[in-house]
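The figures that follow rest on heavy atoms only: side chains count, while hydrogens, waters and symmetry mates do not. Everything numeric here is computed off the predicted structure, so don't read it as measured data.
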Amino acid sequence: MTSEGDGTPIENSFDPLSMIEMWQDLHNLVEKWSTKYGATSDLAATALNEFAVSLLNRPPTS
């Protein structure tokens with residue numbers, strides 16, 4: 001199936017409840033970074049956010 005006829009496939013198998021597990025994983029990652037680098041949770045969360053933004057700003061690799 002495609003969205004709006006643009007040829008982009010839509011994943012019908014995504015389970016919205018899996019977002020809960022993803023958030024838990026990210027929370028654990030922030031805690032791990034805080035411990036490993038001796039940073040506050042806010043600083044580790046900011047680093048994660050900046051990393052995520054950098055991934056969105058990358059040009060396509062194809």
According to a 4.5 Å side-chain heavy-atom criterion applied to Ile, Leu, Val, Met, Phe, Trp and Tyr, with indirect links allowed, do Leu43 and Leu29 form part of one hydrophobic cluster? no

Shared hydrophobic cluster, Leu26 / Val30 (ILVMFWY, side-chain heavy atoms < 4.5 Å): yes

Could you give the distance from [atom1] ([X]) to [atom2] ([Y]), rounded to the nearest 0.5 Å?
{"X": "Leu56", "Y": "Phe51", "atom1": "CG", "atom2": "CZ", "answer": "10.5 Å"}
{"X": "Asp25", "Y": "His27", "atom1": "CG", "atom2": "NE2", "answer": "11.0 Å"}
{"X": "Asp42", "Y": "Asn49", "atom1": "CG", "atom2": "CG", "answer": "12.0 Å"}

Considering all heavy atoms of both residues, which atom of Ser34 and which atom of Ser41 are nearest to each other, and what is their separation? OG-CA, 3.4 Å

